[in-house]
Amino acid sequence: MSRRKDEVKSLGSKNTKYATDYDKTLLERIENKHPENDYFVKFNCPEFTSLCPITGQPDFATIYISYIPDKYIVESKSLKLYLFSFRNHGDFHEDCVNIIMNDLIELLEPKYIEVWGKFLPRGGISIDPYVNYGKPDTKYENMKEQRLLWHDLNPEKVDNR
C-alpha cells in the first residue's frame, strides 16, 4: 500500500525506528492552515551527522532550515527522523545541504526555503554551505537572489568551534 505525501505516520507512533541510511521517504507533510499568510518556519538541528565520502569519518553540524510554506508544512518528527537518516550517508557538506533542500522542495513546494549547514572543523577548517530557493515567477524568486547575496553579511561570532 503506498502512502500519500500528506498522510502522517511518525507523529504519535510508539514504535519509532531510527533509520541510519539516508531515506527521503521519511519526510511527511501536513496541510498549512494559513497559506494566505507569509511566515517563516525555522528548524535548528544541532546534532546533524553525516560521513565524509572519502575517509568515512563523521562530520558534525548544526543544520538550519527556514522556509515560507505554501500549501504544506513539514511534520517536525518526520524531519527529525529524516535528518537522522544522514548518519551513515557519505557526502560532502555542500551536497548534504543541497539534498536536504531539494527533498523539502519536492515534498512541500514552498514559496521560499533556505538550508544552512554549520559544520564543525575537521583538519583545521570548518565549512558552512548555504543554499536557497524561491518559487519561480513570484516575488520569492527575487528574495532568493537578495538573501543569497546578503546571507553572510553579519556572520555570527564563532567561539564554540
Side-chain angles (χ1 to χ4, degrees), residues 4-8 10-11 19 22-53 59-87 89-122 125-161:
R4 289 188 353 245
K5 279 186 177 181
D6 56 350
E7 185 178 329
V8 176
S10 60
L11 185 62
Y22 164 73
D23 184 359
K24 75 176 181 178
T25 66
L26 294 169
L27 287 169
E28 298 176 349
R29 69 185 188 188
I30 56 179
E31 183 182 341
N32 177 13
K33 294 182 179 180
H34 307 281
E36 71 284 358
N37 295 337
D38 282 347
Y39 62 96
F40 266 105
V41 178
K42 185 170 186 175
F43 292 97
N44 171 353
C45 178
E47 298 176 347
F48 180 84
T49 59
S50 60
L51 298 177
C52 172
D59 290 314
F60 301 90
T62 297
I63 300 292
Y64 299 97
I65 301 166
S66 297
Y67 72 101
I68 300 173
D70 194 356
K71 296 177 184 173
Y72 303 102
I73 58 175
V74 68
E75 193 285 309
S76 61
K77 183 176 180 182
S78 77
L79 179 63
K80 176 185 78 166
L81 296 172
Y82 163 78
L83 291 171
F84 189 87
S85 81
F86 279 82
R87 182 168 165 64
H89 180 74
D91 242 330
F92 293 114
H93 307 335
E94 298 86 348
D95 297 322
C96 288
V97 298
N98 276 279
I99 290 167
I100 292 166
M101 185 187 74
N102 290 333
D103 288 348
L104 288 170
I105 290 169
E106 181 181 332
L107 178 76
L108 302 174
E109 301 172 24
K111 296 173 183 177
Y112 175 83
I113 188 168
E114 58 190 32
V115 179
W116 199 343
K118 302 283 189 150
F119 285 82
L120 293 176
R122 257 196 326 110
I125 190 168
S126 62
I127 302 172
D128 295 345
Y130 171 90
V131 62
N132 70 349
Y133 161 88
K135 190 172 274 191
D137 301 319
T138 69
K139 65 183 179 183
Y140 309 101
E141 187 173 33
N142 184 51
M143 181 179 172
K144 170 196 187 285
E145 293 175 18
Q146 292 302 312
R147 286 183 70 94
L148 182 62
L149 291 173
W150 299 100
H151 87 279
D152 208 12
L153 181 63
N154 298 303
E156 79 284 3
K157 177 182 172 199
V158 178
D159 59 6
N160 63 345
R161 301 196 247 189

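The line from NE2 of His34 to OH of Tyr39 is 6.0 Å long, rounded to the nearest 0.5 Å. With values rounded to the nearest 0.5 angstrom, Ile100 atom CD1 is found 12.0 Å from Ile105 atom CD1. Separating the NZ atom in Lys24 from the CG atom in Asp103 is a distance of 5.0 Å, to the nearest 0.5 Å. Rounded to the nearest 0.5 Å, atoms CD1 (Ile73) and CG (Leu107) are 11.0 Å apart. The distance from the OH atom of Tyr72 to the CD atom of Glu28 is 14.0 Å, given to the nearest 0.5 Å. Atom OG of Ser76 is separated from atom CD1 of Ile30 by 8.0 Å, given to the nearest 0.5 angstrom.
Arg29 approaches Leu108 most closely through the heavy-atom pair CB-CD2, 3.8 Å. Counting all heavy atoms, side chain and backbone alike, Gly134 lies closest to Tyr112 at CA-CD1, 4.1 Å. Counting all heavy atoms, side chain and backbone alike, Leu120 lies closest to Ser126 at C-CB, 4.3 Å. Taking each heavy atom of Trp116 and His151 in turn, the nearest pair found is CH2-O, 3.4 Å. The nearest pair of heavy atoms linking Ile99 to His89 is CD1-NE2, 3.9 Å. Nearest approach of Tyr82 to Ser85, heavy atoms of both residues: O-OG, 2.6 Å.
Counting non-hydrogen atoms of other residues, nucleotides and ligands closer than 6.0 Å to CD of Glu47 gives a total of 12 or fewer. Within a 6.0 Å radius of CZ in Arg122, other residues, nucleotides and ligands contribute more than 12 heavy atoms. Counting non-hydrogen atoms of neighbouring residues, nucleotides and ligands closer than 6.0 angstrom, the CD1 atom of Ile125 reaches no more than 12 such neighbours.
In this structure a side-chain-to-backbone donor-acceptor pair under 3.5 Å is present from Glu75 to Lys77.
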Identify every side-chain donor-acceptor pair in residues 61-71 under 3.5 Å, counting partners at least two apart or on other chains, and give the distances.
{"residue": "Tyr67", "atom": "OH", "partner": "Val74", "partner atom": "N", "Å": "3.0"}
{"residue": "Asp70", "atom": "OD2", "partner": "Lys135", "partner atom": "NZ", "Å": "2.9"}

Side chain to side chain contact (heavy atoms under 4.5 Å, CB included) evaluation trace for Ser50 with Phe119: CA-CA 10 Å; Ser50 60; Phe119 285 82; 4.3 Å; yes

Would Leu79 and Leu27 count as a side chain to side chain contact (heavy atoms under 4.5 Å, CB included) if you check the C-alpha gap in whole Å, the side-chain angles of each, and the deciding distance to 0.1 Å? CA-CA 6 Å; Leu79 179 63; Leu27 287 169; 4.0 Å; yes

Leu104/Phe43 under side chain to side chain contact (heavy atoms under 4.5 Å, CB included): CA gap, chis, key distance, verdict: CA-CA 13 Å; Leu104 288 170; Phe43 292 97; over 6 Å; no

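Side chains of Glu114 and Tyr130: a donor-acceptor N/O pair is present below 3.5 angstrom, by distance only.
Residues meeting the side-chain hydrogen bond (donor to acceptor under 3.5 Å, both in side chains) test with Asp38, sequence neighbours left out: Lys111, Lys139, Tyr140.
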